[in-house]
Amino acid sequence: MKFNTVFCVAGAILLNIAGCLGQLDVCGKARLNTKIIGGQNATSGSWPWQASIHSLPDELYFCSGTLINKEWVLTSVRCVLYDSVSDIVIYLGRLTQSGSNPHETSRTVTEIIKHPNNSIALLRLSSSVTFTDYIKPVCLAAAGSEFVAGTESWVTGWGSISTQAFKFPDILQEVEAPVVDNTECNNAYAGTINITDNMICAGFLNEGGKAPCWGDGGSPLVTRQDSVWIQSGVAAFSVGCAQPGYPAVYLRVSEYQDWISNYTSSSEPGFVPYPHIVSVFDGGSSTFLSFPPALTCSIIPLILSFF
């Protein structure tokens with residue numbers, strides 16, 4: 001292999017290796033998740049990054065979030081638009097809102113950071129959490145990630161399961177939500193809502209009842225790549241709680257990598273590109289290779305050994 005080709009391979013891999021420098025050794029690993037289809041109760045440990053956000057002093061559930069490292073939770077700014085740190089407690093490792101949760105822990109919040117465009121928000125936990133099979137951070141979609149139409153994704157939350165009244169489930173709900181192309185999503189909303197590049201749509205265009213509803217703000221939209229789960233979106237809104245013809249709209253996580261990294265630099269989340277594609281240039285031709293995250297991390301020493 002020519003020197004310049006090796007150099008390009010190494011450079012390309014390094015550019016795709018953001019997750020290796022963060023929480024990639026732990027993020028997105030849900031050892032207890034064996035689900036194939038959704039629209040049902042989740043099981044304990046299936047979604048270990050799920051955060052249940054409650055208001056104080058009554059501790060009523062009002063939103064979801066995602067654990068992204070040992071001390072930060074990602075959610076929608078709408079969830080905390082008018083709240084102060086003294087108003088919030090967060091439960092991690094929780095499955096049921098009223099039954100026993102032997103694997104859960106709770107933290108209050110010491111800081112709320114809202115994105116300038118009022119989209120996403122970061123909540124700093126009062127103390128670091130210890131990762132277990134039931135409490136673990138999700139990986140975040142790195143800048144430049146592309147989730148094409150039809151990409152199999154999932155959304156989870158404790159929001160209302162009725163479109164007619166506020167009927168909240170006791171057990172965490174999970175449902176499949178394939179990605180919908182932004183152009184098609186814009187057409188579905190017929191100009192009433194402008195779907196921007198900062199958004200990602202997901203759901204079933206011709207099937208109702210499968211989307212976030214009241215109380216699902218901040219819920220994560222995730223996609224599995226190999227054995228790793230990557231968060232692509234943060235639930236923003238859906239028309240009529242999964243009304244047919246209107247996919248749910250999420251905030252596109254990959255568009256906020258720099259902003260998130262700026263506040264979490266002491267323990268940066270695991271940012272993972274989706275899909276993992278490395279471009280290899282040799283003369284005038286290009287070859288595209290796909291590497292799983294773990295292989296991408298381990299291959300760097302091998303590449304560098306050529307020099």
Side-chain angles (χ1 to χ4, degrees), residues 18-19 22-24 26-30 47-54 61-81 83 85 88-94 107-126 128-129 131 135-143 145 147 153-159 172 198-200 202 212 215-223 228-237 248-272 274:
Q23 307 272 320
L24 191 57
V26 293
C27 77
K29 308 291 180 62
W47 312 103
W49 40 82
Q50 186 80 29
S52 185
I53 305 175
H54 297 242
Y61 167 81
F62 67 91
C63 260
S64 283
T66 317
L67 185 68
I68 61 172
N69 63 20
K70 61 184 179 181
E71 57 182 339
W72 289 95
V73 165
L74 176 67
T75 189
S76 167
V77 77
R78 294 186 179 187
C79 291
V80 292
L81 196 57
D83 294 282
V85 293
I88 300 172
V89 62
I90 296 177
Y91 291 92
L92 300 163
R94 169 166 288 205
R107 296 289 189 275
T108 53
V109 173
T110 60
E111 188 175 7
I112 299 174
I113 301 176
K114 304 169 186 175
H115 192 275
N117 70 3
N118 283 333
S119 51
I120 62 173
L122 289 168
L123 309 181
R124 186 195 289 269
L125 304 179
S126 54
S128 298
V129 296
F131 298 150
I135 300 173
K136 197 166 292 185
V138 73
C139 294
L140 300 180
S145 292
F147 296 87
S153 304
W154 299 79
V155 60
T156 50
W158 287 276
L172 179 66
N198 287 346
M199 301 174 183
I200 183 172
D216 278 322
S219 291
L221 180 71
V222 296
T223 293
V228 173
W229 289 90
I230 302 170
Q231 183 174 0
S232 59
V234 175
F237 58 87
V249 179
Y250 301 79
L251 303 166
R252 190 180 292 266
V253 171
S254 59
E255 293 294 313
Y256 298 93
Q257 178 174 349
D258 288 345
W259 185 82
I260 293 172
S261 296
N262 183 53
Y263 291 100
T264 60
S265 56
S266 61
S267 179
E268 188 172 357
F271 288 97
V272 175
Y274 185 92

Looking at Asp216 and Gly159, what are the two nearest heavy atoms and their distance? OD1-N, 2.8 Å
Starting at CZ of Arg252, measure out to OG of Ser119 and round the result to the nearest 0.5 Å. 13.5 Å
According to salt bridge (charged side-chain N to carboxylate O under 4.0 Å, His left out), does anything in residues 68-78 pair up with another residue at least two apart or in another chain? List the pairs. Glu71-Arg124
Those residues at least two apart in sequence (or on a different chain) that pass ring-ring contact (aromatic ring centres under 6.0 Å, His included) with Trp158 are Tyr61
Roughly how far, to the nearest 0.5 Å, is CD of Gln231 from SG of Cys27? 11.0 Å
Do Thr223 and Ser153 have side-chain N/O donor and acceptor atoms under 3.5 Å apart? yes
State, yes or no, whether a side-chain contact exists between Asp83 and Val109 at a heavy-atom distance under 4.5 Å. no
Please identify each residue that fulfils ring-ring contact (aromatic ring centres under 6.0 Å, His included) with Tyr256, with sequence neighbours left out. His115
What verdict does the side chain to side chain contact (heavy atoms under 4.5 Å, CB included) test give for Val228 and Tyr274, after you've listed the backbone C-alpha separation in whole Å, the side-chain angles of each residue and the deciding distance to 0.1 Å? CA-CA 11 Å; Val228 173; Tyr274 185 92; over 6 Å; no
Rounded to the nearest 0.5 angstrom, the CD1-OH distance for Ile135 and Tyr91 is 13.0 Å
Pick from Ile112, Leu123, Thr108, Val80: which one makes a side-chain contact (heavy atoms from CB on, under 4.5 Å) with Val85? Ile112
Calculate, to the nearest 0.5 Å, the distance between atoms CG and CG belonging to Leu74 and Asn69 respectively. 10.5 Å
So, the side chain of Lys136 versus the backbone of Val26: is there a donor-acceptor pair under 3.5 Å, distance only? no
Of all the heavy-atom pairs spanning Ile200 and Ser232, show the shortest one and how long it is. CG2-O, 4.0 Å
If you look at every heavy atom in Pro269 and Ile260, which pair is closest and at what distance? CG-CG2, 4.1 Å
Under 3.5 Å: donor-acceptor pair, side chain of Glu255, backbone of Asn198: no
List for me each residue that meets ring-ring contact (aromatic ring centres under 6.0 Å, His included) alongside Tyr263, sequence neighbours excluded, and say none if there are none. Trp259
Evaluate the ring planes of Trp154 and Trp229, with Trp represented by its six-membered ring, and classify them as parallel (under 30°), tilted (30 to 60°) or perpendicular (over 60°). perpendicular
Which pair of heavy atoms, one from Ser126 and one from Thr110, lies closest together, and at what distance? CA-CG2, 3.5 Å
Which residue in the set Thr66, Thr264, Ile68 passes side-chain contact (heavy atoms from CB on, under 4.5 Å) when paired with Leu140? Ile68
At their closest point, which heavy atom of Ser64 faces which heavy atom of Thr75, and how far apart are they? O-OG1, 2.8 Å
To the nearest 0.5 Å, what is the distance between NZ (Lys114) and CD1 (Ile120)? 13.5 Å
Any side-chain heavy atom of Leu67 within less than 4.5 Å of one from Leu125? yes
Counterpart residues, side chain to side chain donor-acceptor pair (under 3.5 Å), relative to Ser128 (two or more places apart): none
Decide yes or no for Tyr250 and Pro212: does some side-chain heavy atom of the first lie under 4.5 Å from some side-chain heavy atom of the second? yes
Just verifying a value: how many Å separate Ser266 OG and Trp72 CH2, rounded to the nearest 0.5 Å? 8.0 Å
Could you pull out all residues at least two apart from Ser76 that satisfy side chain to side chain donor-acceptor pair (under 3.5 Å)? none
Measure across His54 and Arg94 and return the closest heavy-atom pair with its distance rounded to 0.1 Å. CE1-NH1, 3.4 Å
